[in-house]
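Notes follow once the structure below has been shown.
Whatever order the structure lists ligands and atoms in, that order sets their numbers, starting from 1. Nothing here was measured: the structure is a model prediction, and the numbers come from that model.
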Amino acid sequence: MNLPVVLITGALTGIGRATALAFAREGHRIAVSGRRDEAGQALAAELRALGAEAEFIRADVRFEGEVRSLVEQVVERFGRLDVAVNNAGTEGQLGPITEQSTDNYDSIFSTNVLGTLLSLKHEMRVMLAQGAGAIVNLSSIAGQVGIAGASVYAASKHAVEGLTKSAALEGAAAGVRVNAVAPGPVATEMLERFVGGDQQAKEGFLATMPARRAASADEIAQTIVFLGSDKARYLTGQSLAVDGGYTAQ
Ligand SMILES: NC(=O)c1ccc[n+]([C@@H]2O[C@H](COP(=O)([O-])OP(=O)(O)OC[C@H]3O[C@@H](n4cnc5c(N)ncnc54)[C@H](OP(=O)(O)O)[C@@H]3O)[C@@H](O)[C@H]2O)c1
């Protein structure tokens with residue numbers, strides 16, 4: 001039987017890593033990608049120990065040559081690409097708009113927006129030719145509302161939402177679905193960086209959330225697995241807020 005093939009960018013930590021483990025438990029074949037060879041090989045070995053076919057393929061999503069080669073290597077290795085999770089992302093330097101720099105803008109947008117665009121471009125070329133595929137982009141509640149002190153990150157995630165809807169329209173007739181997941185705070189290193197490692201600030205922030213806690217990375221991964229599955233076969237162009245009720249307020 002041909003098990004589905006999934007590619008995850010920025011897969012070595014946090015949500016990406018939890019997603020790789022969740023897909024391994026579903027019996028998928030998995031290409032995990034990231035920028036650090038040693039951690040990447042270790043994750044691939046961990047996935048194989050769970051019984052999954054898995055490869056680490058190095059790629060920095062800011063560079064088109066690396067993204068093109070990543071997708072080519074997935075197809076060479078596994079023969080197809082069924083699910084792609086465009087997860088690589090950065091919050092950059094947080095702070096008020098009055099202190100933003102061109103360098104910070106370039107750094108955030110080159111990973112979050114250009115990286116998502118390049119990933120979509122090369123993944124969709126394969127999936128459109130296959131006549132099937134599902135893509136999940138990592139947005140954020142910051143892609144749906146404003147976040148004081150994280151304006152550039154929020155703008156980049158709003159752009160991810162626009163790319164998601166546009167790509168969904170281009171893929172729908174060919175059976176290629178494109179959705180986004182928009183998490184609220186998730187217990188990963190990114191959340192620690194958001195609060196500057198200040199546990200009191202983190203608790204104060206989480207107390208303002210309807211669910212009074214952060215999501216676990218696995219709670220986000222479960223939604224990604226659903227969106228990548230045949231159970232979501234008529235679901236495209238949507239952004240699912242997995243935020244413990246934050247955007248219901
Ligand atoms: N945690 C949250 O509260 C939260 C909430 C909403 C949305 N999100 C989104 O969820 C996604 C995953 O974040 P996370 O929470 O799991 O944080 P994380 O642990 O910091 O994961 C981000 C991953 O992206 C990788 N990455 C960054 N820039 C890259 C690039 N140019 N090319 C390839 N990989 C790159 C990082 O690898 P390196 O180690 O090489 O930098 C890291 O493994 C992000 O898109 C983030 O914006 C997170």
Problem - Non-hydrogen side-chain atoms of Glu192 and Gln199 separated by less than 4.5 Å - result: yes
Fill in the blank from the handout: With sequence neighbours left out, the residues meeting ring pair (Phe, Tyr, Trp, His ring centres under 6.0 Å) with Phe109 are Tyr105
Completion exercise
Quick note, ring pair (Phe, Tyr, Trp, His ring centres under 6.0 Å) partners involving residues 159-209, not counting sequence neighbours, are Tyr153-Phe194
Completion exercise
Partner of Thr19 under side-chain contact (heavy atoms from CB on, under 4.5 Å), picked from Leu138, Val136, Ile224, is Ile224
Exercise for the section: Classify the side-chain pair Asp103/Gln93 by whether it contains a donor and acceptor separated by less than 3.5 Å. Expected result: no
Handout entry: Residues in the immediate environment of ligand 1 (any heavy atom closer than 4.0 angstrom)
Key = Gly10, Thr13, Gly14, Ile15, Arg35, Arg36, Ala59, Asp60, Val61, Arg62, Asn87, Ala88, Gly89, Thr111, Leu138, Ser139, Ser140, Tyr153, Lys157, Pro183, Gly184, Pro185, Val186, Thr188, Met190, Arg193
Distance-only criterion, 3.5 Å: show the donor-acceptor pairs between side-chain atoms of residues 168-179 and protein atoms not counting sequence neighbours.
unit_1, atom_1, unit_2, atom_2, d
Arg177, NE, Ala232, O, 3.4
Arg177, NH1, Leu227, O, 3.1
Arg177, NH1, Ala232, O, 2.9
Arg177, NH1, Leu235, O, 3.0
Arg177, NH2, Leu227, O, 2.9
Arg177, NH2, Ser229, O, 3.1
Asn179, OD1, Gly237, N, 3.1
Asn179, OD1, Gln238, N, 2.9
Asn179, ND2, Leu235, O, 2.8

